[in-house]
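The next block holds one structure in the form of structure tokens; read it before the comments.
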Amino acid sequence: MSGMDTGLLAVNPGSVAKAAALLRRGQVVAIPTETVYGLAANALDEKAVERIFTAKGRPQDNPLIVHIDSMEMLPMAARKIPKEALLLAKAFWPGPLTMVLPRTARLAPSVSAGLDTVGIRMPAHPAARAVIAAAGLPLAAPSANLSGSPSPTTAQHVLADMKGRIPLILDGGNSPVGVESTVITLVGTPTVLRPGFVTANEIAEVLGGPVAVAAAVTAPLAAGQAPASPGMKYKHYAPKAEITILQGNLAQFSHYVAAKATGGVWALCFEGEETEIPVPCVTYGKKNNPATQATALFSALRTLDEKGAKTVFARAPGTSGVGFAVYNRLLRAAAFRVLEL
């Protein structure tokens, strides 16, 4: 799919109005959010939503998240809004939290990939909310990349993947969070389906009770199991290189990589470690600062592609707080290849 003229415009009232007009006409527009850039379309229009799947090359059984700009828009997407949802909305919306709720019949069928539920969030990025408000529509919006490749955190990342596939990209600068939203289902036991910037412990504090974490966060989805959230079923976020995560200290990492140092071998490491590692390196944030790792990860994975890396050994992040989200994304980029040193 190619051949369409793709405009790249800075966010301003004129470009927001243009984006809203395209969305109302059933087109797909890339918009900035605080997590990653999203590929947005009218969530009530089946043909518009199908254009998202076509542009991304996305499998049809991978559900989408619906973005709203106000609580007044929530009933357009959710037919049942439990008290837990209202508590979490008050605590974390607008922001990087998606809640899975029973869906309304108004939503396009493809949004939910055959499920009776839908993920909904209210983004914090002012440009995203301005576009939603101007369109007057809930917007289905997965990440604005080709399916399976690293998520885009800049408009240039989007352009690299979507040029000729969509009519417009709004440039709102770098995505400040850098990893997709936390997804929690409130249908049954509150369960985190995808970790993100909002942690399970923070959610549990608001709800006043335990929050489960789905097994598919750190392991492949069971055979035949339908994904209840984006990012559960398929290899995601991956560069062209084969990634292996190495669990161990820097000395162990360097020793292992030295033994594997042939052409095309690169390391994905933390800032300041490059001089200790005997192969070319790309960094992704500071070792003990998972927020910087989240912001830098997807850009680092894209850089590895640009450098022509064939094999990548990655330093393992921590798994507490936001680090758990970083580890989840890296696990999927590595297709769950992890080696204990």
Side-chain angles (χ1 to χ4, degrees), residues 33-36 38 63 65-75 77-103 117-126 128-129 141 143 151 175-219 227-232 285-297 316-332:
T33 83
E34 75 278 19
T35 56
V36 300
I65 289 170
V66 172
H67 294 64
I68 61 175
D69 78 315
S70 65
M71 292 301 289
E72 288 72 29
M73 196 176 273
L74 182 56
R79 72 173 188 270
K80 183 179 178 184
I81 304 167
K83 66 179 188 301
E84 291 88 352
L86 298 176
L87 288 170
L88 292 176
K90 184 177 181 182
F92 300 115
W93 279 4
L97 178 71
T98 294
M99 292 185 268
V100 174
L101 301 169
R103 55 163 285 152
T117 55
V118 63
I120 306 167
R121 90 174 184 100
M122 188 189 298
H125 199 292
R129 295 180 68 199
S143 55
S151 297
S175 300
V177 172
V179 293
E180 298 84 352
S181 60
T182 304
V183 178
I184 182 163
T185 180
L186 298 177
V187 179
T189 302
T191 302
V192 171
L193 305 179
R194 181 178 73 186
F197 201 78
V198 178
T199 68
N201 285 343
E202 289 172 328
I203 294 169
E205 279 187 29
V206 171
L207 296 182
V211 171
V213 176
V217 166
T218 55
S229 162
M232 291 186 76
K286 297 178 172 61
K287 182 182 178 186
N288 296 314
N289 190 331
T292 65
Q293 296 164 19
T295 301
L297 177 63
T319 56
S320 60
V322 181
F324 191 44
V326 177
Y327 183 60
N328 165 262
R329 303 313 190 272
L330 200 51
L331 266 181
R332 292 196 169 277

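Quick note: numbers below take in every heavy atom, side chains included, and nothing from hydrogens, waters or symmetry partners. Note that the numbering runs from 1 along the sequence shown for the chain.
A search for side chain to side chain donor-acceptor pair (under 3.5 Å) contacts involving T182 returns nothing, not counting sequence neighbours. Listed by chain and residue number, nothing satisfies the salt bridge (charged side-chain N to carboxylate O under 4.0 Å, His left out) test with R103 (two or more places apart in sequence, or in another chain). In this view, A78 and L74, I81, L101, I120 satisfy the side chain to side chain contact (heavy atoms under 4.5 Å, CB included) rule, not counting sequence neighbours. In this view, P176 and E34 satisfy the side chain to side chain contact (heavy atoms under 4.5 Å, CB included) rule, not counting sequence neighbours. The side chain to side chain donor-acceptor pair (under 3.5 Å) check on K286 picks up E271, with sequence neighbours excluded. Residues passing the side chain to side chain contact (heavy atoms under 4.5 Å, CB included) test with P317 are Y284, Q293, V326, Y327, L330, sequence neighbours excluded. Applying the side chain to side chain donor-acceptor pair (under 3.5 Å) test to E84 and every residue at least two apart in sequence or in another chain returns nothing. Scored by the side chain to side chain contact (heavy atoms under 4.5 Å, CB included) test, S320 finds no partners at all (sequence neighbours excluded).
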Return a table of donor-acceptor pairs under 3.5 angstrom between the side chains of residues 89-98 and protein atoms on other chains or two or more places apart.
{"residue": "W93", "atom": "NE1", "partner": "L97", "partner atom": "O", "Å": "2.8"}
{"residue": "T98", "atom": "OG1", "partner": "S181", "partner atom": "OG", "Å": "2.8"}

Return all side-chain donor-acceptor pairs below 3.5 angstrom for residues 196-218, not counting sequence neighbours, or 'none' if the list is empty.
{"residue": "T199", "atom": "OG1", "partner": "E202", "partner atom": "N", "Å": "3.2"}
{"residue": "T199", "atom": "OG1", "partner": "E202", "partner atom": "OE1", "Å": "3.4"}
{"residue": "E202", "atom": "OE1", "partner": "T199", "partner atom": "N", "Å": "2.9"}

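Nearest heavy-atom pair across H67 and A141 is CE1-O, 3.1 Å.
Interatomic distance, K83 NZ to L186 CG, rounded to the nearest 0.5 Å: 10.5 Å.
Within the structure, every pair that satisfies the salt bridge (Lys or Arg N to Asp or Glu O under 4.0 Å) test and touches residues 178-189, not counting sequence neighbours, is listed here: E180-R329.
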